[in-house]
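Down below is the structure, laid out as structure tokens.
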Amino acid sequence: MFPPGTDNPGFGASFKEEIRKNQGSYIGMGAFGEVLSRYENFVDLDPVVKDKWGIPALRFHYKFGENEHNMAKDMKETAQEMFEAAGFKIIFVSDRVLTEGWSIHELGTARMGNDPKTSVLNQFQQSHDVKNLFVVDGSAFVNASCQNPTWTIMALCWRSCDYLADQMAKNEL
Amino acid sequence: MSAKNPIDLKQDRRQWLKTSATALGAAVLPLPVAATEALQAEPQATPPAATDSRNATGAETKAGARFFTPAQHTLVEELSETIIPADSHSGGAKAAKVADFIEQTVRESTDEQQKTTWREGLRLIEVMSQHYNGKSFVAASPEERIAVLQVLSDNVNLTELPEVQFFRDLKHLTVRGYYTSKIGIHDELEYKGNRILQEFVGCGDPTPPTT
């Protein structure tokens with residue numbers, strides 16, 4: 001209903017008429033993409049800034065890499081092709097990539113893996129170093145998928161809890 | 001709508017910035033933000049202790065904290081009306097009180113950059129209006145006002161220029177304010193809201209199949 005009128009060119013009487021004429025027929029498309037893990041991306045504790053309980057603030061060092069930017073370019077072109085093929089009149093195309101962290105899907109930093117040298121958690125989100133520590137949130141991710149991560153977080157958590165219960169029953173934890 | 005030979009804004013602005021420096025005094029240009037901020041401070045100083053009194057009524061607090069001066073508010077009204085004018089179909093941005101919407105949005109914004117864009121933008125619009133029309137934007141005719149905004153609209157991709165940034169935000173907020181107002185939704189777009197369909201007529205084939 002609400003016309004995305006800012007993207008229509010121009011202003012004034014003709015602008016107003018154009019929006020009125022085409023109202024209800026506007027359509028837009030955005031794209032999501034996977035973010036690969038990069039060695040250069042990490043979080044650490046701020047040596048200076050602390051919260052009111054004296055806990056150091058978390059600092060994010062996080063940038064998209066070449067693959068993400070190339071994918072964004074491809075998404076833009078593909079979306080444009082689809083709209084053109086469908087016969088839409090294209091008003092506005094943008095390849096703006098949202099700032100890193102904008103989606104608030106914090107994932108990774110304690111990635112899972114088989115090798116304790118290159119990962120923090122094992123396949124059950126259990127710490128390699130501290131056996132009775134399980135990190136059952138998004139920290140175990142090795143990338144940031146193109147989907148919203150909540151269901152995957154829940155599935156992994158479920159699986160890890162089953163394992164945890166099983167290990168406890170066997171008195172192995 | 002746009003001129004056959006769109007004005008080269010980057011060329012032109014050198015001229016009008018130069019004229020503004022001589023007309024307004026050289027001190028204004030190097031410190032545009034500080035100068036407009038001083039203007040902002042004036043009306044706030046008039047009601048004594050209105051802002052620091054916790055018991056001040058909502059209306060008083062609001063009036064004391066307004067972002068635009070009365071003159072700036074009038075300018076914003078005319079700017080928004082130039083973006084979305086009244087026509088035979090419905091009222092324009094002025095009737096829809098878009099300037100009040102913009103006032104509140106900018107005042108409550110946590111983005112200092114946006115506030116600067118508006119202070120600086122309103123100043124530059126005046127400078128441009130003086131350059132192109134020889135009079136203030138508010139005193140100019142609708143055609144003369146369009147001529148000023150047309151320059152910015154034709155150069156809308158020069159986002160590094162503060163006046164273009166201002167134009168983009170002005171248009172964005174005018175569209176938002178207007179089409180979320182009663183006039184914008186009901187009069188202009190004739191939105192009827194969610195209504196129960198007594199009968200679903202569908203679309204397309206004008207002659208229904210006879211079975």
**OP:** Tell me, yes or no, whether the heavy-atom count around A/Glu17 atom CD, taken from other residues, nucleotides or ligands under 6.0 Å, exceeds 12.
**Re:** no
Subject >> Any donor-acceptor pair under 3.5 Å from B/Lys171 side chain to A/Phe11 backbone >> reply: no
Subject >> Minimum heavy-atom distance between B/Ser153 and A/Gly10, given as atom pair plus value >> reply: OG-CA, 3.6 Å
Original post:
Should we say atom CE of A/Met29 is surrounded by more than 12 heavy atoms from elsewhere, each under 6.0 Å from it?
Top reply: yes
Subject >> For B/Pro85 against A/Gly12, the heavy-atom pair lying closest together >> reply: CD-C, 3.6 Å
Original post:
Counting only heavy atoms not in A/Phe32, do more than 12 fall under 6.0 Å of its CZ?
Top reply: no
Original post:
Around atom NZ of B/Lys115, are there more than 12 heavy atoms of other residues, nucleotides or ligands at under 6.0 Å?
Top reply: yes
Original post:
Do the side chains of B/Tyr178 and A/Lys16 get nearer than 4.5 Å, heavy atoms only?
Top reply: yes
Original post:
What's the shortest heavy-atom distance between A/Phe15 and B/Ile83, and which atoms?
Top reply: CD2-O, 4.1 Å
Subject >> Contact class of B/Ser90 relative to chain A, heavy atoms under 4.5 angstrom >> reply: both
Original post:
Under 6.0 Å from the CG atom of B/Asp111, do we count more than 12 heavy atoms belonging to anything else shown?
Top reply: yes
Original post:
Is it the side chain or the backbone of B/Ala93 that comes within 4.5 Å of chain A heavy atoms, both, or neither?
Top reply: neither
**OP:** Step through the shown structure and confirm whether more than 12 heavy atoms of other residues, nucleotides or ligands are within 6.0 Å of CD on A/Glu66.
**Re:** no
Subject >> Closest contact, heavy atoms only, A/Arg20 versus B/Asp87 >> reply: NH1-OD2, 3.4 Å
